[in-house]
Amino acid sequence: MIEIMDTTLRDGEQTNGVSFSVHEKKSIARMLIKELNVDRIEIASARVSDGEFESVRGISEWAAKAGCLDRIEALGFIDNGLSLRWIKDAGCYVVNMLCKGSIKHVTEQLRKTPEQHIADITGQILLAKEMGIDMNLYLEDWSNGMKNSPDYVYHLVDSLKRHHVRRFMLPDTLGILDPEWTYRYCKDMVDRYPELHFDFHAHNDYGLAVANAYSAVRAGVKGIHATINGLGERAGNASLSGVVAVLHDQLKERTSIVEEKINHASKSVEMYSGIHIAPNQPIVGENVFTQCAGVHADGDSKNNLYFNSLMPERFGRIREYALGKTSGKANIRKNLEALGIDLDEESMRKVTQRVIELGDKKEIVTREDLPYIISDVLRYDIQENKIKILNYSLSLTQGLKPVATLKVEIDDKAYEETATGDGQYDAFVRALRKIYKSLNRPFPMLVNYAVSIPPGGRTDAFVQTVITWRHEGVEFKTRGLDADQIEAAIKATIKMLNKIEN
């Protein structure tokens, strides 16, 4: 069993622009412990602010009542006991003490000798024990320590391992490692100190945080640090969703995490943090369980040929089939099945053609749009129309009225006219009226004009234009659907003309 320590509320809050309120921290902490079942959570840094103190105290009070106070941790510093007292006063009893894991940080940042620094750490360990506080040690810049001063790292651990330290935490603070070096350095520590518990803490500067966590577990570390959505300083930390999926599937390791709660946690933290999830982010991105190509949907219908172990249901999600210019009948049929709609082959051909047409203009057609497309396509077949638009041109110029030129076919004869109007559609209708007037044909009165996005639809899919007409004392409506509002209105108008013609 690999321990997962989530540091969204501490390291994740170091993301530029992220600051959780007291209420938000408490809500996220509850979710991580009670829903996701994370083994431990790191909730704050000591002595940061009064607000941070209140958040730690609020979470600690809740955790004490819930019987999980031992799973709540806070970052502390070597500061003569100030951090320890701050953390204890806030009601927390596990400190993750930050010490220096590389000789460079000791001599250049602290300007101390290794012996002096080890003495300072030892003093804090003994004080924590007196105060009833459990201690874990962060070896800050450990990856550079192993790269440039391994003897210092060994000397540090040799000096501290006999004391009251529950876990030695190995951070790649500057995100310099790759999977090969992560494995080598972690294996070195595990082999040298088999009796100690080691955690690995990855940063994502090279996009390798999850891969490095994978290598650390292969090397024998017992705990991995992660954040929801990979939040963290600079390029962020290892994402919890990616770490869990890789450990479960690639290494066949067990964790305590409840996979089906991952997506909910991800969306909640996205909302609280204001940091949007990339659509292609593994496991939690909007697009990662969406098949776009029609051939993939076809393969999924034939013994799930395009499935892998990352089944969306595992993570509280569902598989979707995108609708657009790459859609085939299989994509559309999958969406229709989900809506409980069955179409014959000819209707499927017409609907598929219309979806592809819309996809050429815009990026997304949603499942919720399909009933409107079906209604539009199957109730209005242009081949049966006596009146057809052959060509039209709409122009909009600053300081001038919009102009429309159109050519329309009525009873197999073409007519062309140009007009100006108060808008492009108004100009189009005026040109059309000219043609009808020249033929002594009545033209209905436009009573109402409404534009909407179909329920559940998206603005980058298409719009629905509904026009109410009055003709010979009767009112009726026609609808047009298109990615462009004016074109949707023109389609509604042509439907109207054919309706009165018939």
Side-chain angles (χ1 to χ4, degrees), residues 5-15 18-20 25 40-57 59-60 72-145 152-153 155-157 159-161 163-174 198-199 201 203 223 225 227 232-234 237:
M5 194 273 271
D6 183 280
T7 183
T8 301
L9 296 177
R10 199 277 299 173
D11 215 346
E13 199 178 30
Q14 291 177 201
T15 305
V18 174
S19 179
F20 298 118
K25 277 203 163 192
R40 301 143 49 206
I41 60 173
E42 188 175 47
I43 62 173
S45 297
R47 303 176 58 205
V48 168
S49 67
D50 291 340
E52 197 80 325
F53 181 85
E54 290 303 317
S55 69
V56 175
R57 184 161 61 182
I59 293 169
S60 296
I72 309 298
E73 303 173 6
L75 183 73
F77 308 95
I78 308 296
D79 54 10
N80 295 314
L82 295 177
S83 290
L84 292 172
R85 281 186 281 275
W86 187 96
I87 289 168
K88 184 172 182 180
D89 288 345
C92 186
Y93 288 89
V94 182
V95 61
N96 297 332
M97 188 65 70
L98 194 69
C99 64
K100 302 302 182 182
S102 69
I103 190 67
K104 195 171 183 179
H105 272 224
V106 173
T107 57
E108 295 185 21
Q109 187 175 37
L110 299 182
R111 299 190 182 281
K112 292 188 174 184
T113 66
E115 286 71 23
Q116 289 173 321
H117 186 46
I118 289 168
D120 291 340
I121 300 168
T122 302
Q124 296 296 285
I125 294 171
L126 295 175
L127 180 58
K129 187 175 182 180
E130 289 177 12
M131 297 172 69
I133 295 175
D134 283 336
M135 180 171 287
N136 304 315
L137 278 181
Y138 266 118
L139 309 187
E140 186 184 16
D141 201 36
W142 165 82
S143 50
N144 267 316
Y152 164 75
V153 176
H155 178 47
L156 178 68
V157 177
S159 302
L160 300 174
K161 66 180 182 179
H163 293 291
H164 180 61
V165 178
R166 294 190 63 183
R167 301 174 184 88
F168 285 83
M169 307 199 292
L170 312 176
D172 181 19
T173 305
L174 300 180
F198 290 110
D199 282 2
H201 179 107
H203 278 268
H225 297 185
T227 61
E233 202 160 12
R234 305 188 311 279
N237 292 35

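Under the side chain to side chain donor-acceptor pair (under 3.5 Å) rule, Asn136 has a single partner from Arg166, Glu42, Arg167, which is Arg167.
Between Ile121 and Cys99, the closest heavy-atom pair is CD1-CB, 3.4 Å. For the pair Ala74 and Cys92, the tightest heavy-atom approach, listed with the atom from each and the gap, is N-SG, 4.2 Å. The minimum heavy-atom distance linking Asp172 with Ser143 is given by the pair OD1-OG, 2.7 Å. For Pro114 against Val106, the heavy-atom pair with the smallest separation is N-CG1, 4.1 Å. The two atoms that bring Ile72 and Ile43 nearest to each other are CG2-CD1, 3.4 Å, heavy atoms only. The minimum heavy-atom distance between Thr15 and Gly232, with the atom names listed, is OG1-N, 2.7 Å.
Contact annotation: the side chain of Asp89 never approaches that of Arg57 to less than 4.5 Å [non-hydrogen atoms, C-beta and beyond]. Using a 4.5 Å cut-off on side-chain heavy atoms (C-beta onward), His203 and Asp11 make contact. Using a 4.5 Å heavy-atom cutoff, the side chains of Glu73 and Asp134 are not in contact.
Applying the 6.0 Å contact sphere to CG of Asn80 captures no more than 12 heavy atoms from other residues, nucleotides or ligands. For Lys129, the NZ atom counts as loosely surrounded, since its 6.0 Å shell holds 12 or fewer non-hydrogen atoms of other residues, nucleotides or ligands.
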Report task. Would you sort out whether Met97 and Met135 count as a side-chain contact (heavy atoms from CB on, under 4.5 Å), showing the intermediate values? Result -> CA-CA 7 Å; Met97 188 65 70; Met135 180 171 287; 3.6 Å; yes
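Aromatic rings of Tyr152 and His117 (six-membered ring for Trp) have centroids beyond the 6.0 Å cut-off, not under it.
Put simply, the side chain of Thr173 never gets that close to the backbone of Glu140: no donor and acceptor are under 3.5 Å apart.
Inspection of the His225 and Asp199 side chains reveals an N or O donor paired with an N or O acceptor under 3.5 Å. Defined by atom type and a distance below 3.5 Å, a donor-acceptor pair is missing between the side-chain atoms of Asn237 and Thr227.
Lys25 has a carboxylate O that lies under 4.0 Å from a charged side-chain N of Glu52, or vice versa, which qualifies the two as a salt bridge.
Between Phe168 and Phe198, the ring planes lie tilted relative to each other; the angle falls in the 30° to 60° range.
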